[in-house]
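Working notes, beginning with the structure itself.
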Protein chains: 2
Amino acid sequence: MTTVQRPTLEAVARRAGVSRATVSRVVNGSTTVAEPIREAVRLAVAELGYVPNLAARSLVTQRTDSIALVLPEEATRVFSDDQVFPSIIRGVAQELEAADKQLVLMLAGSPAGHARVERYTTGRHVDGVVFASLHGADPLPAKLARLGIPVVCSGRLVGDVGVPYVDVDHVGGVTRAVRHLLDSGRRRIATIAGPQDMFAGVERLTGYREAVAAAGLPERVAFGDFTRESGAAAMRQLLDAHPDLDAVFAASDLMAHAAMRTLREAGRRVPDDVAMIGFDDIETAAYTDPPLTTVRQPILELGREAARQLLRMAAGEDVAPALVLPTELVVRASA
Amino acid sequence: MTTVQRPTLEAVARRAGVSRATVSRVVNGSTTVAEPIREAVRLAVAELGYVPNLAARSLVTQRTDSIALVLPEEATRVFSDDQVFPSIIRGVAQELEAADKQLVLMLAGSPAGHARVERYTTGRHVDGVVFASLHGADPLPAKLARLGIPVVCSGRLVGDVGVPYVDVDHVGGVTRAVRHLLDSGRRRIATIAGPQDMFAGVERLTGYREAVAAAGLPERVAFGDFTRESGAAAMRQLLDAHPDLDAVFAASDLMAHAAMRTLREAGRRVPDDVAMIGFDDIETAAYTDPPLTTVRQPILELGREAARQLLRMAAGEDVAPALVLPTELVVRASA
DNA sequence: TTGTAGGCGTTATCAA
DNA sequence: TTGATAACGCCTACAA
C-alpha cells in the first residue's frame with residue numbers, strides 16, 4: 001500500500017514560516033496567537049491537508065477523548081430483537097455526544113474477544129469504560145479500576161467488586177408484579193427465571209421468591225436465559241411440572257412473549273387461564289397478543305446515568321458507588 | 001482522581017536488570033531472548049502490572065490493530081428491530097475476530113457525531129474503516145481514501161466516488177419479485193420505495209420501474225424510509241391514490257410488514273386481495289401474518305466481505321473496486 | 001506573542 | 001543475544 005506520507009506539525013510549521021509550537025496553538029484553538037499568523041497557519045494546514053496524529057497527541061496529553069462501552073456478549077445476542085442493549089447504547093451515546101466524547105463500542109463474546117478488549121482498554125486507548133451485561137465474576141472491571149482507569153458498570157456485578165455501578169430496582173419491580181397477580185386472585189404463580197450468572201437474573205428470582213413466600217405460597221421455578229427460545233422451553237417445563245398454574249412471572253419480556261405463545265399452543269388462554277407478566281417493557285410488549293403486562297425498567301436512563309458517572313470520574317470527581325433507578329409496573333391485558 | 005502512576009518499559013527494565021529494548025522484545029514475543037532473561041522480564045512485568053501504552057506503540061509502528069465500522073445513523077435507527085445493521089455488524093465482527101483485530105463501532109447520526117468520527121478516523125486511531133448505510137454523497141469515505149487510509153463501503157454510494165464497495169444485487173432481486181407478481185396474475189402493482197438518498201433505495205425503485213415498464217404496466221409509487229411507520233403511511237397513500245391495486249412491492253420488510261397491517265385495517269386480505277413482497281428477509285419475515293414473501297439479501301455475508309476486503313487493503317493488497325452479492329426471492333404466503 | 005527544547009512510552013536500527 | 005540511541009508526532013513549560 002502506498003501510504004501517502006502525511007504532513008506533520010513540522011511540515012506545516014515550515015510551510016507557514018513559524019514554529020511547531022505556534023502551529024500546535026492554532027490547531028488547538030489557543031487564543032494567544034496573532035490573527036495574521038493564525039491565518040497563515042490555517043492556510044498551510046489546508047494546503048497540506050494536515051490532520052493531527054492522535055496517537056502522538058494522546059501520548060503526551062494522556063487523554064484520548066473517547067470512551068468505551070463494552071458488551072461482553074456475542075453480536076448476535078446484543079442485536080436481537082431484545083431492545084435492552086440498544087437502549088443502553090443509545091443512552092450512553094446521548095451523554096457522550098453532549099460531552100463531545102467519541103463512543104467506542106466493543107463486543108466481546110468470545111474469550112479471544114475478551115482478551116482483545118482487555119488489551120485495548122488497559123492500553124489506554126480510551127479514557128474510561130462502561131460495562132454492560134456482565135456475566136459471572138468478570139475480573140476486567142476491577143482490573144481496570146486498579147489500573148486507575150475510570151470504570152462504571154451498567155447492571156450490578158455478581159459479587160461485590162468495588163466498582164461503581166448503576167442498576168435498576170429489580171426486586172421492587174418484581175414484588176409489585178407478584179402482588180398484582182395476588183391481588184387479582186392468582187395463587188399458583190410460577191416464574192421463568194433469568195440466567196443465574198447475571199445479577200439481573202438472580203435479583204428477579206429473589207424478588208419472586210420473597211414475594212410468593214411472603215404470601216405463603218410455594219414456588220415454581222424454571223430457568224431461561226432471557227431469550228425467546230429459552231422462554232418457550234421453560235414454559236413447557238412449567239406446564240409439565242405444574243399443569244395447574246394460573247400465573248407466570250417471566251424475568252424478561254422476550255421470555256414472556258414466547259411463553260404466551262407456548263401457553264396458547266397448549267390450549268391455555270391468557271389471561272383467562274394463566275396470567276402473564278414480563279420484565280423490561282420492550283417496545284413490542286405493547287403489541288403482543290394480548291398486550292403484555294410488564295415491569296418497566298428505565299434502560300435508556302440507565303445508560304445515560306452510567307455515562308454521566310463515568311464522565312465525572314474521568315474529570316476527577318468522586319461518584320456514588322451505586323445508583324439504583326426505580327422500576328414501574330405497566331398493566332396491560334395479559335395480567 | 002488519583003491516577004495510579006503506570007509502570008513503563010523503563011521501570012520494568014530497571015526491575016529486571018535489563019535494557020528497555022530487551023523488555024520490548026519479550027513483551028512482543030521476539031524469540032531472540034535467552035530464556036532466563038525472558039523469565040526475569042516476565043516476572044518484573046507481572047510484579048509491576050505493566051501494560052504497554054498503545055498510543056506510544058502505534059506512534060512508532062503506525063498501526064493500531066483496530067478497524068472502525070462507521071454507521072452514519074442514529075443509534076435509535078441502527079438498533080431498531082430492523083436486523084440489517086446488526087447483521088452487518090456481526091459479519092464484520094466475525095472476520096475481524098478471525099484476524100485478531102479490534103472492532104470499533106461508531107455511530108454518527110448527528111453532524112457533531114460525524115465530525116467526531118472524522119477526527120477519529122483521520123487521526124489514525126484505526127487502521128481502516130468500513131462504512132455502512134451511507135446517505136447522500138457523504139464525502140468522508142473519499143477523504144479517508146485520499147489520506148491513504150483503507151476504506152470499504154458496505155452498500156454502494158450514491159455517485160461514484162472511487163471507493164471500493166460491496167453491495168447486493170438490488171435490481172436483480174426486485175426484478176424477480178415483480179416477475180413473481182406478474183406470473184401470479186397481478187397487474188396493478190404498486191411499490192413502497194425506500195429513501196432516495198441511499199443507493200439501496202434508488203436501486204430498488206429502479207428495479208421496480210424497469211420491471212413494470214417492461215410488462216407495459218403503469219407505475220404506482222409512494223415513498224418511505226425503510227421504517228415501519230413510513231411503510232404504513234405510504235400504504236395509506238397508495239390506497240388513496242390507487243384503490244384498485246392488487247400487489248405491492250415494498251423496499252424493506254419492515255415497510256412490508258406495516259403495509260400488510262394497514263391493508264388489513266383497510267379491509268383488504270393479503271394475499272387474496274393484495275399480494276405483498278418485501279425486501280431483506282429479516283428474521284420476523286417468516287413470522288408475519290401471513291408469512292412474508294421477500295427478496296433475501298445476504299447481509300451477514302456482505303459485512304464479512306467488506307471486512308475481508310478491508311483487511312486485504314490494510315495488508316497492502318489490491319482489491320476489486322466492486323463486489324456484488326446475489327439476492328434471492330423467498331416465496332412464502334403473502335404473494 | 002512567539003520560539004526553544006524536553007519529554008510522553010514505544011519500537012527499531014545499529015553496534016557490541 | 002543484548003544494549004545504546006534515535007526516531008515517532010505532538011504538547012507545553014520556559015525563555016525570549
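When reading the values below, keep in mind they use all heavy atoms of this one structure, side chains included, and skip hydrogens, waters and symmetry mates. Chain identifiers are assigned alphabetically (A, B, ...) following the order of the sequence lines, protein sequences preceding nucleic acid strands; residue numbering begins at 1 within each chain.
Computed from coordinates, the A:L147 CG to C:dG9 P distance equals 14 Å when rounded to whole Å. Going from atom CG of B:L9 over to atom P of C:dG7 covers 18 Å, rounded to whole Å. If you measure from atom CZ of B:R25 to atom P of C:dC14, you get 14 Å, rounded to the nearest angstrom. Atom CG of A:L54 is separated from atom C1' of C:dC8 by 15 Å (rounded to the nearest Å). When rounded to the nearest whole Å, the span between CZ of B:R63 and P of C:dG9 equals 21 Å. The interatomic distance linking A:H125 (NE2) with C:dG9 (P) rounds to 16 Å, in whole Å. Atom pair A:N53:CG and C:dG9:C1' shows a separation of 14 Å (rounding to whole Å applied). Taking atom CZ of residue A:R38 and atom C1' of nucleotide C:dT1, one finds them 11 Å apart after rounding to whole Å.
Residues A:S87 and A:I299 approach most closely at CB-CG2, 3.2 Å, considering heavy atoms. Closest non-hydrogen pair, A:R20 versus A:L9, comes out as O-CD1, 4.0 Å.
Along DNA chain C, the nucleotide nearest B:A21 and the nucleotide nearest A:A34 are compared for position; the residue whose nucleotide lies closer to the 5' end is A:A34. Positionally, the nearest nucleotide of DNA chain D for B:G17 lies more toward the 5' end than for the other of B:G17 and A:A55.
Between the two ends of the helix from C:dT1-D:dA16 to C:dA16-D:dT1, each summarised by a five-pair axis, the helix axis turns through 40° (rounded to 10 degrees).
Residue A:R57 places no side-chain atom within donor-acceptor reach of the base of C:dG9, judged by atom type and a 3.5 Å distance cut-off alone.
A side-chain donor-acceptor contact under 3.5 Å links A:N28 to the backbone of A:S24. Side chain of B:D167 to backbone of B:V324: no donor-acceptor contact under 3.5 angstrom is found. With hydrogens and angles ignored, the 3.5 Å screen pairs a side-chain donor or acceptor of A:T122 with a backbone N or O of A:E118.
Note: A:Q102 CD to A:D127 CG = 11.5 Å, rounded to the nearest 0.5 Å. Note: B:L134 CG to B:M198 CE = 7.5 Å, rounded to the nearest 0.5 Å.
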Query raised in the report: Going through the distances and angles, do B:S66 and B:K101 end up as a side-chain contact (heavy atoms from CB on, under 4.5 Å)?
Result: CA-CA 5 Å; B:S66 54; B:K101 302 283 184 197; over 6 Å; no
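Contact annotation for A:S24: base contact, defined as any heavy-atom pair under 4.0 Å involving a base atom. Residue contacts shown for A:V27 are absent, as no nucleic acid heavy atom lies under 4.0 Å away. Residue contacts for B:V51: at a heavy-atom cut-off of 4.0 Å it reaches the sugar-phosphate backbone alone, with no base atom in range.
Contact check for B:T64 versus B:L54: no side-chain heavy atoms found under the 4.5 Å cut-off.
If you walk DNA chain D from 5' to 3' and mark each nucleotide with an atom closer than 4.0 Å to a heavy atom of chain A, the marks span D:dG9 to D:dA13.
Taking the six-membered ring where tryptophan is involved, the planes of A:H125 and A:Y120 are tilted, since the angle between them lies from 30° to 60°.
Listed candidates were C:dT11, C:dC14, C:dG9. Nearest to the side chain of B:T61 is C:dT11.
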